[in-house]
Amino acid sequence: MEHLVSPGPACPGHLIGCDTRRLPRWHHDVIVIGAGVAGACAALSAAEAGADVLLLVKDSLDESNTAYAQGGIASVLGDSLRDPGDSLQQHVCDTLEAGAGLCDPDAVRDILTGAPAAIDLLMTHGCRFDCKQDGHPALTREGGHRHRRVLHGHGDGTGRAIIAALSAALRAHPGITILEQAFVIDLLGDDDGIHGALLQHDGQTMVATAAATVLATGGCGRVWRETTNPRGATGDGLALAYRAGARVTDLEFMQFHPTTLYVAGRARLLITEAMRGEGAHLVNNAGERFLLAIHPDGELAPRDIVSTAIIREIQRQDFPHVWLDASHLDPGFLASRFPTIDQACRSIGIDFSQDWIPVHPSAHYHCGGVQVDSHGQTSLPRLLACGEVAASGLHGANRLASNSLLEGVVLGQRAGLTAAGLRPVTQLCHFRRPDPPPIPESLDVSDLTAALRALMWQAVGIERDGIHLARACRSLDFWLRHQARDRFDHRGGWELHNALLVGRLVAHAAHHRPHSCGTHLRRDSDGPAQDWHLGWFRDQNG
Ligand code: SIN
């Protein structure tokens, strides 16, 4: 199988050497890596199907990208519960339209059809969604949705509410062993597929083997300087799968969220699109709603359009951000509907019922990833993937807001069931791999991490062009080749390596697509060229 960037001297197939005979070993039926909504649903469904599951979590159970999701989960519910005029078909149309022609229509229909069952499953695990006074779910609207169809919990704390319920279910399940603070270094595989992973836990390197391994490691937003993503989102799963030889696709499509709380020196915080859905306006320094002149849906246009318009307004006004104005909305409603944002704004002296919120776009969600089928099966036997690390065909070139939690539940559950059904390996596999060559000097990890994030933001950010992409590819090739020669024994070094590899894959993919499409905006060329892309995609993936 051919790849965009072949593993080679600049990109070894593994990060550290090992002889698994000499290492402590765990054996389970199924390994799940990552405990966001997709990983949690995969682990729970595999365990409920009778599998003995090892759940490997890089940080703690409550720390995943899912936990930071605010907006909600898109779902067209039964007739009496949905927005009048809404339908599954309308949700499909909105998803296909956002995806800019690169969605897989079968995958879209299949996954969106699973929405009511996905909501039921979450409720079975204890998740609760906000309701109106009549007891029916309160639905909100986000960019690209023609109807109110987004369920939310705890106001803007949807992700935290889901993770709290799923974590309790995971901890209570006797068939699931949870290992927190466990960093997966490499997947272990041979011609028969993937047999497990090499990991570090408590300072010790160990091996975990299983009949099936499910990647649910989330995204890679931390590869960009400006991002809504938490510290752990360094693209580890994509790098693991790529090094192991899995097919990857649509990597250039990083979605930039239009509104992140932007105060220099402070951590960035997502300001949910649902605020615009409830009537907040984006304004420039003069208080003008600049989106109205750009798209008929104004602030609720698809995300790529809103993000690009903001960046252009920032350049035009020569000011570091624009503003979100909610001061015309009812203060009581704002505080109860958006408690997370209320608290964050108050902590820096902003009262969003009176003051404008400073906002800026930032890297948010990776639409591409490890290619999977409708059951989460990757191109490698015994390796499954679900959630943001996977590319199922639902998102195409641009994800419709709040479709990702839904996809995490639907594909997470299916991946877990598929994994639980795989026949066990009868022989115990052993792996011996030589160490990559050491070099005497040591690398300044934080300096190179900062340089990588700045380069990705400047050259592989919202607006791109061939000259800067080509330069970025050269720098990334060079950095990876240089850095890959350093043999690390700690998480920071491995994360940097993964982030460099992901940055390089994304930059090369973006460079190879000369036309704008979805989230990929080429300022040096106009118009989509889907035919060209399809030809290129076939060449890369055989
Ligand atoms: C948001 O709340 O604006 C983010 C929702 C999403 O990214 O799906």
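We count ligands from 1, going down the list as the structure has it; atoms in each ligand are counted the same way. In this chain, numbering begins with 1 at the start of the sequence shown.
- A salt bridge links Asp59 with Arg491: the closest approach of a Lys/Arg side-chain nitrogen to an acidic carboxylate oxygen falls below 4.0 angstrom.
- The side-chain tip of Arg312 does not point at the ring of Phe290 from less than 6.0 angstrom away and within 45° of straight on.
- Classification of Asp83 and Arg141 as a salt-bridged pair fails, no side-chain N sitting under 4.0 Å from a carboxylate O.
- Contact annotation: the side chain of Pro320 never approaches that of Ile314 to less than 4.5 Å [non-hydrogen atoms, C-beta and beyond].
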May I have every N or O pair linking ligand 1 to the protein at under 3.5 Å, one per line with atom names and distance?
residue: ligand 1; atom: 2 (O); partner: Gly71; partner atom: N; Å: 2.8
residue: ligand 1; atom: 2 (O); partner: Thr272; partner atom: OG1; Å: 2.5
residue: ligand 1; atom: 3 (O); partner: His257; partner atom: NE2; Å: 2.7
residue: ligand 1; atom: 3 (O); partner: Thr272; partner atom: OG1; Å: 3.4
residue: ligand 1; atom: 3 (O); partner: Glu273; partner atom: N; Å: 2.7
residue: ligand 1; atom: 7 (O); partner: Arg303; partner atom: NH1; Å: 2.9
residue: ligand 1; atom: 7 (O); partner: Arg303; partner atom: NH2; Å: 3.2
residue: ligand 1; atom: 7 (O); partner: His364; partner atom: NE2; Å: 2.6
residue: ligand 1; atom: 7 (O); partner: Arg399; partner atom: NH2; Å: 2.7
residue: ligand 1; atom: 8 (O); partner: Arg399; partner atom: NH1; Å: 2.7
residue: ligand 1; atom: 8 (O); partner: Arg399; partner atom: NH2; Å: 3.4
residue: ligand 1; atom: 8 (O); partner: Ser402; partner atom: N; Å: 2.6

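- For Lys58 and Glu495, the salt-bridge test passes: some basic side-chain N is under 4.0 Å from an acidic carboxylate O.
- Under the 30°/60° scheme for interplanar angles, the aromatic rings of His360 and Tyr262 are found to lie parallel.
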